[in-house]
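Working notes, beginning with the structure itself.
Just so it is clear: chains get the letters A, B, ... in the order the sequence lines come, proteins before strands, and each one is counted from 1. All values derive from a computational prediction rather than experimental measurement.
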Amino acid sequence: MAQIEREDIHLISRHSNLTASTIKNLLQNQVYNDRSAWIKFLKLFFISLGVGFTVSGILFFFAYNWADLHKFAKLGLVQGLLIAATLTAVFSKLSQDIKHILLTGSAILIGVLFAVYGQIYQTGANAYDFFLGWTVFTVIWAVIANYAVLWVLFILLINTTIFLYAEQVADHWSDIFVMALQFVINSLFLIYFLKRPKDPEVKTPEWFINLMAISAVSFATLGIVNGIFNTYEVSFLALIIITLALYGLAIKYGWENHKTIYFAIIPLSIIIIIAALLIKISYDAIMFFVITLFVIGSVTLVIKNLIDLQKKWKNG
Amino acid sequence: MDNELKLKEILAQLALTESASFQYDEDAMQAEQKHRSNNQSSLSIKILSIIGGFLATLTFLGFLAITGIYDSKISMIVLGILFIGGAILINLKTDHLLLDTISISNFAAGLALLVFGLSEVGLGEVVLSLLVMVISVLTMYLTKSYMLAFLSFAAISSAFITILMTFDNYNLVHIYLALYTFLLCYWCLNESKIISMHPKLNALYNPIRIGLIIALFSGLIFIGARGIIGIQFNFIWLTSIVNALALLYVVWEICTILEVQSPKTKIYVYTLSALTILITFYSPAISGSILVMLLCFLVNYKTGFAIAIIGLLYFIAQYYYDLNLSLLTKSLILFFSGIVFIAFYLFTNYMLKGNEKI
């Protein structure tokens, strides 16, 4: 018996004389959630609310008393939590998923520990110091655990460290150079994750790859738009060349591996860049009209292309 | 093709179980299904359409601003009407996804121009809003596009809230909330009745459902985020009571699905519901989110369910953030609420372990 979906029921109802009561029965049997789904949901709902509220309560309690705690107590508390979380993650017999979540929590706690330290001793360190330390101490866990969310945290930390370093220490670096740097680094990560030997047990999740791709393309786009509106410099030329090369590679990869996302974000990036170019050329009314037409036309083309690709690859 | 065979199979099943009077137009169904799969739009494509249409509208309005058209009221009105007409015409003639982007941006730009132009001429807010409502209803009736129907519905809701706001009494927002809560409940719970009423209404069912949810949550944000409008809380009971009644009805439906039979369990369930309603009485945003969450789970509408959960988390966080109590008191409240919920979890677990029938 075919699984009837909601869209099917709507479609059939549009072109037939099915009665309301028949439709109601169909919906209740095939579409609406049944008893077992409800039980699962209710249990999950209550336990999530329960744990969430209880933990928040404990957090708020510590927040209230924080100022009065002795500094050793503060540090000891965070360190204790960190050690407990990590030991549980490594040695307990919980499921792999929970262990990964615990380890990610530990990685976050590293940051909290450094923050508390900085607050107590007023080290007055540049913010980038803090992130650099946090990054360095997370790298081993990220590599070994090989858990997507932890990788995201790690890569986020790297990006933040670079950004803050450029802002606070190396302020002779131009904006474009920084964005080009971040583009290259994020792309390198993306390529690493795509090309590394496939582990039969652990598959790199699709959402993670897509997130990396989007972040890399965002940096490239921001960098080039920035370059368009600022004075010319060598980094801009270098960025354009690298972007062209990497975009080409990405399209090739997407084509060979039937990944539509590259055919969405790269054209979108190019559309934004061209729109920026057009604005740079002239600020006239005519130009805005041209940009409007261009945006409509190009987005339409991109969508049409995506649909065609989707169809071709679904049947291919 | 896969879908074609599946449809045939479903129809064959239905023909067996239905009475002799069951008639259906299979060719039309197959044609529409084929058309749909040709124009399949995933969520990302829908979003891309909206962003593209939005950007195009903005740049076009920018273009118009530069040409100085905002000085001429008549041309604004005329252009507005032309664009809206154009959007509807495009939709009537073809149902191609590609033209969706254009018709969306036309509709939005046309509406904006019309509203600007007419307000410059001196038309009052109420009349203007009513006009927008009429145009939107007409558009919804004529259009075959999901996006355009959704946008028209959003326009109707905006016009409605504008009318309410002209009375300079922010408490009227509760009328909006109460009405939309009721409409959403009715719409979700009577899916079978609505889609069998008329093919046009059937096609509008999905866009209106998401339209109602988004309109409702937009309104709830005004209640939930206290800083935005200075709302007196005198009339908050209106929304809360509608939420309470709706929640009790939904809980009753859930009990039927869960096949709850023992009166003791029923008492527990209704006490829990009454407690929740009482606690969230001064925060209808929270009770509203819970209601929408339960409704969407009931009818297995995943998008609405996700929106409701995000809304619930946001409103709870907002509520505790705004609470004018010391951190210590807040921490105790949170902690004990947490214990209560864990108790409910254990209760649910226990109820279902020993005996199958609760």
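With a 4.5 Å cut-off on non-hydrogen atoms, B:L312 touches chain A through its side chain but not through its backbone. Heavy-atom distances place the side chain of B:L11, and not its backbone, under 4.5 Å from chain A. When heavy atoms are compared at a cutoff of 4.5 Å, B:L201 does not approach chain A at all. For A:V55, no part lies under 4.5 angstrom from a heavy atom of chain B. If you measure heavy-atom distances from B:M197 to chain A, you find no contacts under 4.5 Å at all. Using a 4.5 Å cut-off between heavy atoms, A:I12 touches chain B through backbone and side chain atoms alike. With a threshold of 4.5 angstrom between heavy atoms, A:A37 approaches chain B through its backbone and through its side chain. Heavy atoms closer than 4.5 Å to chain A are found in the side chain of B:N206, but not in its backbone. Heavy atoms closer than 4.5 Å to chain A are found nowhere in B:L346, neither backbone nor side chain. Looking at A:L26, only its side chain comes within 4.5 Å of chain B, counting heavy atoms on both sides. For a residue to count as touching a neighbouring chain, one of its non-hydrogen atoms must lie under 4.5 Å from one of that chain's; by this rule A:E7 touches chain B with the side chain only. Proximity to chain A is absent for every atom of B:F336, based on heavy atoms less than 4.5 angstrom apart. B:A343 does not touch chain A: none of its heavy atoms, backbone or side chain, sits under 4.5 Å away. Residue B:I290 does not touch chain A at all, counting heavy-atom pairs closer than 4.5 Å. In this structure, chain B has a heavy atom under 4.5 Å from the side chain of A:D8, while its backbone stays farther away.
Every residue meeting the ring-ring contact (aromatic ring centres under 6.0 Å, His included) condition with A:F45, not counting sequence neighbours, appears here in chain and number order: A:F41.
Residues A:S13 and B:S196 approach most closely at OG-CA, 3.9 Å, considering heavy atoms. Minimum interatomic distance between A:H10 and B:N202 (heavy atoms only, all atoms of both residues): O-ND2, 3.1 Å. When all heavy atoms of A:V116 and A:L75 are compared, the pair lying nearest together is CG1-CD2, 4.0 Å.
Atom NZ of B:K200 has more than 12 heavy atoms from other residues, nucleotides or ligands within 6.0 Å. Heavy-atom neighbours of A:K74 NZ from other residues, nucleotides or ligands within 6.0 Å: above the threshold of 12.
The aromatic rings of A:F208 and A:F193 stand perpendicular to each other, their planes meeting at an angle above 60°, with 30° marking the opposite boundary.
Under the 6.0 Å cut-off for aromatic ring centres, B:F83 and B:F107 do not qualify, their centroids lying 6.0 Å or more apart. Close placement of the B:F297 and A:W38 rings is indicated, their centers lying within 6.0 Å of each other.
Heavy-atom pairs under 4.5 Å with chain B peak, among A:I47, A:L306, A:V299, at A:I47. Most heavy-atom pairs under 4.5 Å with chain B: of the set A:I291, A:V295, A:D308, A:L27, this distinction falls to A:L27. Per-residue heavy-atom pair counts under 4.5 Å with chain A were compared for B:V299, B:I339, B:I316, and the maximum is reached by B:V299. Interface remark: of the candidates B:I195, B:I342, B:I309, B:L332, B:I195 forms the most heavy-atom pairs closer than 4.5 Å to chain A.
The shortest side-chain heavy-atom distance between A:R6 and B:E191 falls under the 4.5 Å cut-off.
In this structure, a donor-acceptor pair under 3.5 Å is absent between the side chains of B:S289 and B:Y314.
Applying the salt bridge (charged side-chain N to carboxylate O under 4.0 Å, His left out) definition to pairs two or more places apart or across chains, those involving residues 11-23 of chain A are A:R14-B:E32.
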